[in-house]
**Q** 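Sending over a structure as structure tokens; questions will come in a sec.
Quick note: numbers below take in every heavy atom, side chains included, and nothing from hydrogens, waters or symmetry partners. Since we're looking at a predicted model, the values are computed, not measured.
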Amino acid sequence: MAPDVVVIGGGPAGAISSALLARAGARVRLLERDFFPRYHIGESISSSCRAIIDLVGAREKVEARGYQVKEGLLLRWGAERDWTINWPDLFGDQVRSWQVDRADFDDVLLKHAAEQGVEVVHGARVKKVGFDDGRAVGVEWVHEGHRQETAADFVVDASGRAGVLSAQHFRNRQPHDVFRNVAIWGYYRGGALLAGTPRGGINVISSPNGWYWVIPLSGDVYSVGFVTHKDQFLARRSGFSSLDEMFLTLVAESETVTELVASGDFQGEVRVEQDFSYSADSFCGPGYFLAGDSACFLDPLLSTGVHLAMYSGMLAAATILSAHAGEVTEREALGFYESHYRNAYGRMFSMVAGFYEQYRGRNSYFWLAQRLARGQYPELMKKRAGGARTPSDGAFASITAGLTDLDDATRVGGAVPLDAMVLATELTAGQDRQNTADTSDTAAGLYLVTEPKLGIGRATEPVSPH
């Protein structure tokens, strides 16, 4: 019998997990607090997301929206002048993604989920997740003033920063003090990118007190933002009469960004978000999974938010399907999900932590990337058109494209904890690395499969977890 699943939240994590579950025959009700389309930041999409959108059957719909194609990034960072990561040059023409309007993009994915059979309820506020003897068994929610209850075999909490389970129920979300950053951003009509930027690529530009992004969107619109430490932001905020004035001053302080937007017209809509980085003590438990921002979020430096959301949504769907079918034990299923999702987050955390030491030089970042990739590169790396400049260059590109995480999930032994995570351990307030090691023991020999059906495969030979 197919499982009954409640998904909380209709962003990328919720839309991907629910669509994959429904395509496999599960009965899925998705409860979304807002009414789509709704504004959201996070416009720069990793190439891994394209592969996951392929898996869910929505690529033609996404490509029909006419988003700006993205083929990599260019960084003007610290001691280095410019360095470019061009995904097609390294991995072949199929490795690319988009720069999107998230209001439209998220709406496309959620409507696609509904077309797969997901019951989508907008304007639904989840009050709490119900538990029976430690296992999630359903949710209580309010819609149009009426309180309702829905029983479920599994609950996927994709409620984003609201964190129905992690922030409100368990209260086990830990902030990373080293990344207590604030972002301020706005939009320009017209602009330019740095010379040598891959087609549609994001520009990342460091400054003594933070860093800027410049993202080309469709319709000649540019998203421009600045990220700095919370203390620095608050110290400067009092000197301006408005956020618009503060933002324009910050743009003017960067000669590079000023030149890029010189031909553009400022469109206003200045926005601010803060306290980017956190993680829950656990990403799953009996009957429930935390996906996307509900489980963890990281400073936007490497544009990882949508990747982690879609990646975790895919893992949650595969885990639920195999656990319900009895193909793996529940302990194995939880270990599989926890170890793979936490590995992905830990890898990105380590890379971002390295980048904030701005003046170490690109070779240092590439060396870190090589350790974080553990010498494992996706098959795309072997089939690329042309050649990577260096193995470490390829490792860094693979991480920024999200391909290393996909490779980990589909490879036997990919759940082994990352040795390089020790580099960031002292920076990770409240994160228990032993938890990752413990769950990887139960996940040894398990790997993600997508054909002929989505689920978890098991190695035929014993695999050591270490």
**Q** How long is the gap from OG on Ser46 to CH2 on Trp98, to the nearest 0.5 Å?
**A** 11.5 Å
**Q** Report yes if some heavy atom in the side chain of Tyr212 is under 4.5 Å from a heavy atom in the side chain of Ser207; otherwise report no.
**A**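 Heavy-atom side-chain distance check passes, below 4.5 Å.
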**Q** Hey, are Glu71 and Arg96 close enough for a salt bridge, meaning a charged N less than 4.0 Å from a carboxylate O?
**A**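 Salt bridge absent between Glu71 and Arg96.
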**Q** Is there a side-chain contact between Val352 and Leu298 in this structure, where contact means two heavy atoms from C-beta onward sitting under 4.5 Å apart?
**A**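 In contact.
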**Q** Could I get the full list of side chain to side chain contact (heavy atoms under 4.5 Å, CB included) partners for Asp220, not counting sequence neighbours?
**A**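 Applying side chain to side chain contact (heavy atoms under 4.5 Å, CB included) to Asp220 gives Tyr222.
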**Q** Would you please say whether a donor-acceptor pair under 3.5 Å links the side chains of Asp157 and Ser159?
**A**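 Indeed, the side chains of Asp157 and Ser159 share at least one donor-acceptor pair under 3.5 Å.
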**Q** Please determine, by modelled atom types, if Thr197 and Asn203 share a side-chain donor-acceptor pair under 3.5 angstrom.
**A** yes
**Q** Could you give the distance from OG (Ser312) to CZ (Arg342), rounded to the nearest 0.5 Å?
**A** 12.5 Å
**Q** Looking at side-chain heavy atoms only, is the closest gap between Arg38 and His122 below 4.5 Å?
**A**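 Side-chain contact under 4.5 Å: no.
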**Q** Just by modelled atom types, is the Asp405 backbone N or O under 3.5 Å from a matching donor or acceptor in the Tyr311 side chain?
**A**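 Indeed, once roles are kept as given, a pair shorter than 3.5 Å links the two residues.
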**Q** Tell me every residue that passes side chain to side chain contact (heavy atoms under 4.5 Å, CB included) with Ala152, counting only those two or more places apart in sequence or in another chain.
**A**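 With neighbours one apart ignored, the set is Val6, Val155.
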**Q** Whether Lys111 and Asp107 form a salt bridge (side-chain N of Lys/Arg under 4.0 Å from carboxylate O of Asp/Glu) is what I want to check.
**A**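 The answer is yes: the pair qualifies as a salt bridge.
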**Q** Kindly say whether Val120 contributes a backbone atom to a donor-acceptor pair with the side chain of Glu32 at under 3.5 angstrom?
**A** no
**Q** Okay, side chain of Tyr337, backbone of Leu290: is any donor-acceptor separation there less than 3.5 Å?
**A**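 Judged by distance alone, yes, a pair lies under 3.5 Å.
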**Q** Can you confirm whether the side chains of Thr256 and Arg76 place a donor and an acceptor under 3.5 Å from each other?
**A**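 Judged by distance alone, the side chains do pair up.
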**Q** Determine whether a donor-acceptor pair (N or O, by modelled atom type, separation under 3.5 Å) exists between the side chain of Thr329 and the backbone of Glu332.
**A** yes
**Q** Can you tell if the side chain of Val204 reaches within under 4.5 Å of the side chain of Leu301, non-hydrogen atoms only?
**A** yes
**Q** Please name the residue in the list Val7, Leu334, Leu315, Val5 that meets the side-chain contact (heavy atoms from CB on, under 4.5 Å) test with Phe289.
**A** Leu334
**Q** Between Arg27 and Asp4, is there a side-chain N and carboxylate O pair less than 4.0 Å apart?
**A** yes
**Q** Once rounded to the nearest 0.5 Å, what's the spacing between atom CG of Leu217 and atom NZ of Lys70?
**A** 11.5 Å
**Q** Tell me if a side-chain donor or acceptor on Thr400 pairs with a main-chain N or O of Ala397 at a distance below 3.5 Å.
**A**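 Yes; at least one donor-acceptor contact below 3.5 Å.
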**Q** Rounded to the nearest 0.5 Å, what separation is found between the CD1 atom of Ile202 and the CG atom of Leu302?
**A** 9.0 Å
**Q** Which heavy atom in Gly287 sits nearest to a heavy atom in Ala136, and how many Å separate them?
**A**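 Nearest pair, atom of Gly287 first, then Ala136: O-CB, 3.6 Å.
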**Q** Could you check whether Arg65 makes a cation-pi contact with Phe105, meaning its NZ or CZ is under 6.0 Å from the centre of the six-membered ring and within 45° of the ring axis?
**A**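 No, a cation-pi geometry is absent between Arg65 and Phe105.
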**Q** Return yes if some donor-acceptor pair links the side-chain N/O of Arg59 with the main-chain N/O of Arg50 below 3.5 Å, else return no.
**A**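 Checking the backbone N and O of Arg50 against the side chain of Arg59, no donor-acceptor pair under 3.5 Å is found.
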**Q** Roughly how far apart are Leu403 CG and Phe91 CZ, rounded to 0.5 Å?
**A**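 Answer rounded to 0.5 Å: 5.5 Å.
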**Q** Using modelled atom types only, decide if a donor and an acceptor are shared between the side chain of Arg102 and the backbone of Glu43 within a distance under 3.5 Å.
**A**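 Such a contact is absent between Arg102 side chain and Glu43 backbone.
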**Q** Taking Tyr39 for its side chain and Ala103 for its backbone only, find out whether a donor-acceptor pair lies under 3.5 Å.
**A**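 Flag not set: sc Tyr39 to bb Ala103 has no pair under 3.5 Å.
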**Q** Where the side chain of Glu338 meets the backbone of Ser282, is there a donor-acceptor pair that is under 3.5 Å apart?
**A** no
**Q** Do Gln68 and Arg199 come close enough that some side-chain heavy atom pair is under 4.5 Å?
**A**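 Yes, their side chains come closer than 4.5 Å.
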**Q** Please report the interatomic distance CG(Leu448) to CG(Asp407), rounded to the nearest 0.5 Å.
**A** 11.5 Å
**Q** Does one side chain, of His40 or Asp106, offer a donor that lies under 3.5 Å from an acceptor on the other?
**A**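 Distance-only check fails for His40 and Asp106.
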**Q** For Lys453, does the NZ atom sit with more than 12 other heavy atoms under 6.0 Å from it, leaving out its own atoms?
**A**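 Counting neighbours around NZ of Lys453, 12 or fewer heavy atoms of other residues, nucleotides or ligands fall under 6.0 Å, so no.
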**Q** Indicate yes or no for a side-chain donor-acceptor contact from Ser398 to the backbone of Gly394 under 3.5 Å, with no hydrogens or angles considered.
**A**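 Answer holds: no.
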